[in-house]
> 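What follows is a single structure, and I will ask about it in a moment.
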Amino acid sequence: MKFFLLVSLWSLGLLPGVGASAGWKVQSSAEQSSSEGVRHVVKIVREGEREAELNFAFFESPRSRLRVVDRPDGTRVAAAVKAVKGLAGINGGYFHPEYQALGLIVSEGKKIHDQEKARLLSGLVVSTADRLLLLRPREFKLGAKTLDAVQAGPFLIDGGKVVAGLSKDRAARRSVVLTDGKNRHAILATDGLTLAEAAAVLATDGVVSEFPIKRALNLDGGSSTGFYCSGGGFDLPNLKRVRNVLAIVPGK
């Protein structure tokens, strides 16, 4: 009877079969460096034969904040972070050819480019002196407290849940900002994953044990993805130059 039940469950797809994946699992987690409130943590996750490396830089507000470093002529992530004496950083939003701006860009309180409506630009990273917010366009209003902001998308996690309908095509490097909706945040660069896989990884128990994820927003990825941490001098260089970079800097 027990054997019959197991066979029945397997045939219905309720038990993993031979070679089937039981979901992403955390293989290892190690802190690489810690300095001035930023922790660089590398985590390895696996699903079946696939493995991905995740580089996180964890930080808290208001001790640290995100600053948009805008470079109209293009830049590497490490160079932009070093230029503002940042603690860590990742590439930012999308851009047109020749580094022409795409979507809202605010840097150090100055609006550089207007907000735009596009399916790709479904979220905003907004930084004030004491908060980091990941917002839908309808939730955002530019005000005096907005120090830095950039448009990106799509959301991977919203309200603590995986966003439905994310693409399962084209695995690529991913760049992400995530938050608990309060004062704990992280930037993340991944190995090649689809958008759906990136969301599934973040939703896996134990991947982000540091805080419960309220929202996670995808940034420009692929060859644009770059990640730098000054503490250990770690540099995952972006393969092509980008328009702007999100740098973690000491809070004001």
Side-chain angles (χ1 to χ4, degrees), residues 32-33 38-44 51-59 64-107 112-113 120-121 123-125 127 132 134 148-154 156 167 169-178 185-195 197-198 201-202 216-249:
Q32 300 299 304
S33 65
V38 173
R39 295 174 55 239
H40 175 206
V41 179
V42 177
K43 304 190 182 192
I44 306 297
E51 187 174 274
E53 180 177 294
L54 315 176
N55 278 277
F56 292 90
F58 292 99
F59 64 103
S64 303
R65 69 178 186 89
L66 277 185
R67 174 177 172 179
V68 175
V69 185
D70 190 63
R71 294 288 186 266
D73 295 326
T75 186
R76 303 290 180 184
V77 170
V81 174
K82 291 176 183 178
V84 296
K85 298 181 180 177
L87 309 173
I90 198 164
N91 60 293
Y94 302 99
F95 50 93
H96 291 293
E98 304 303 322
Y99 311 111
Q100 294 299 305
L102 176 62
L104 181 71
I105 302 174
V106 179
S107 180
I112 296 171
H113 195 265
L120 186 67
L121 304 175
L124 300 104
V125 181
S127 180
L132 172 64
L134 300 182
D148 297 85
V150 69
Q151 252 183 300
L156 304 178
S167 175
D169 300 325
R170 202 176 75 84
R173 281 181 172 185
R174 301 294 170 189
S175 302
V176 185
V177 180
L178 46 149
H185 326 288
I187 55 175
L188 161 67
T190 79
D191 281 343
L193 297 170
T194 67
L195 289 173
E197 286 175 332
V201 166
L202 290 174
L217 183 67
N218 182 69
L219 305 169
D220 191 9
S223 56
S224 291
T225 291
F227 179 95
Y228 174 75
C229 270
S230 64
F234 178 84
D235 185 12
L236 176 67
N238 39 315
L239 301 179
K240 70 176 183 181
R241 295 163 69 87
V242 295
R243 167 74 193 224
N244 50 60
V245 169
L246 301 179
I248 303 175
V249 297

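Since this is a predicted model, take the numbers as computed values, not measurements.
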> Which atom pair, heavy atoms only, marks the closest approach of Val38 to Ala57?
CG1-CB, 4.0 Å
> If I take atom NZ from residue Lys85 and atom OG from residue Ser230, how far apart are they, to the nearest 0.5 angstrom?
12.5 Å
> Determine whether Leu121 and Leu102 make a side-chain contact, defined as any pair of heavy atoms from C-beta on separated by less than 4.5 Å.
yes
> side-chain contact (heavy atoms from CB on, under 4.5 Å), that's the test. Do Lys240 and Asn238 meet it? Break it down for me.
CA-CA 5 Å; Lys240 70 176 183 181; Asn238 39 315; 6.0 Å; no
> Look up atom NE2 in His113 and atom CZ in Phe95, then write down how far apart they are to the nearest 0.5 Å.
14.0 Å
> Using only atom types and a distance under 3.5 Å, with no angle test, would you say the side chain of Thr190 pairs donor to acceptor with the backbone of Arg174?
yes
> Determine whether Val106 and Val68 make a side-chain contact, defined as any pair of heavy atoms from C-beta on separated by less than 4.5 Å.
no
> Between CG of Leu217 and OG of Ser175, what distance do you get to the nearest 0.5 Å?
11.0 Å
> Side-chain contact test, heavy atoms from C-beta onward, threshold under 4.5 Å: evaluate it for Leu134 versus Leu124 and give yes or no.
no
> How far apart are the closest heavy atoms of Tyr228 and Ala78, and which atoms are they?
CD1-CB, 3.8 Å
> Measure the OG1-CG distance between Thr75 and Asp70 for me, rounded to the nearest 0.5 Å.
10.0 Å
> Restricting to non-hydrogen atoms, name the atom on Ala88 and the atom on Cys229 that form the minimum distance, rounded to 0.1 Å.
CB-SG, 3.7 Å
> Can you tell if the side chain of Val42 reaches within under 4.5 Å of the side chain of Glu53, non-hydrogen atoms only?
yes
> Is the shortest side-chain heavy-atom distance between Val41 and Gln32 below 4.5 Å?
no
> Val176 and Ala216: which non-hydrogen atoms are nearest, and at how many Å?
CG1-CB, 4.1 Å
> Within the distance-only criterion (no hydrogens, no angle test), does the side chain of Tyr94 pair as donor or acceptor with the backbone N or O of Gly153 below 3.5 angstrom?
yes
> Give the C-alpha distance, both sets of side-chain angles, the deciding distance and a yes or no for side-chain contact (heavy atoms from CB on, under 4.5 Å) between Tyr99 and Arg241.
CA-CA 9 Å; Tyr99 311 111; Arg241 295 163 69 87; 3.3 Å; yes
> Begin with the C-alpha distance, continue with both residues' side-chain angles, and end with the deciding distance and a verdict on side-chain contact (heavy atoms from CB on, under 4.5 Å) for Val77 and Thr225.
CA-CA 9 Å; Val77 170; Thr225 291; over 6 Å; no
> For residues Ala189 and Phe227, report the shortest heavy-atom separation together with the two atoms involved.
CB-CB, 3.7 Å
> Can you find a pair of side-chain heavy atoms, one from Asp191 and one from Arg173, that are under 4.5 Å apart?
no
> Is there a side-chain contact between Ile248 and Leu66 (heavy atoms, below 4.5 Å)?
yes
> Could you tell me which non-hydrogen atom of Ser64 sits nearest to which non-hydrogen atom of Leu87, and how far apart they are?
OG-CD1, 4.1 Å
> For the atom pair CD1 (Ile90) and CZ (Phe56), what is the distance rounded to the nearest 0.5 Å?
10.0 Å
> With side-chain contact (heavy atoms from CB on, under 4.5 Å) as the test, would you mind laying out the steps for Arg65 and Leu132 before giving the verdict?
CA-CA 7 Å; Arg65 69 178 186 89; Leu132 172 64; over 6 Å; no
> Could you tell me if the side chain of Val81 sits less than 4.5 Å from the side chain of Val69, heavy atoms only?
no
> Let me confirm one number: the CG-CG distance from Leu202 to Leu188, rounded to the nearest 0.5 Å.
6.0 Å
> Kindly indicate, with the supporting measurements, whether the criterion ring pair (Phe, Tyr, Trp, His ring centres under 6.0 Å) is fulfilled by Phe59 and His40.
CA-CA 9 Å; Phe59 64 103; His40 175 206; over 10 Å; no
> Applying the side chain to side chain contact (heavy atoms under 4.5 Å, CB included) criterion to Arg243, which one of Ile112, Asp73, Val150, Asn91 satisfies it?
Ile112
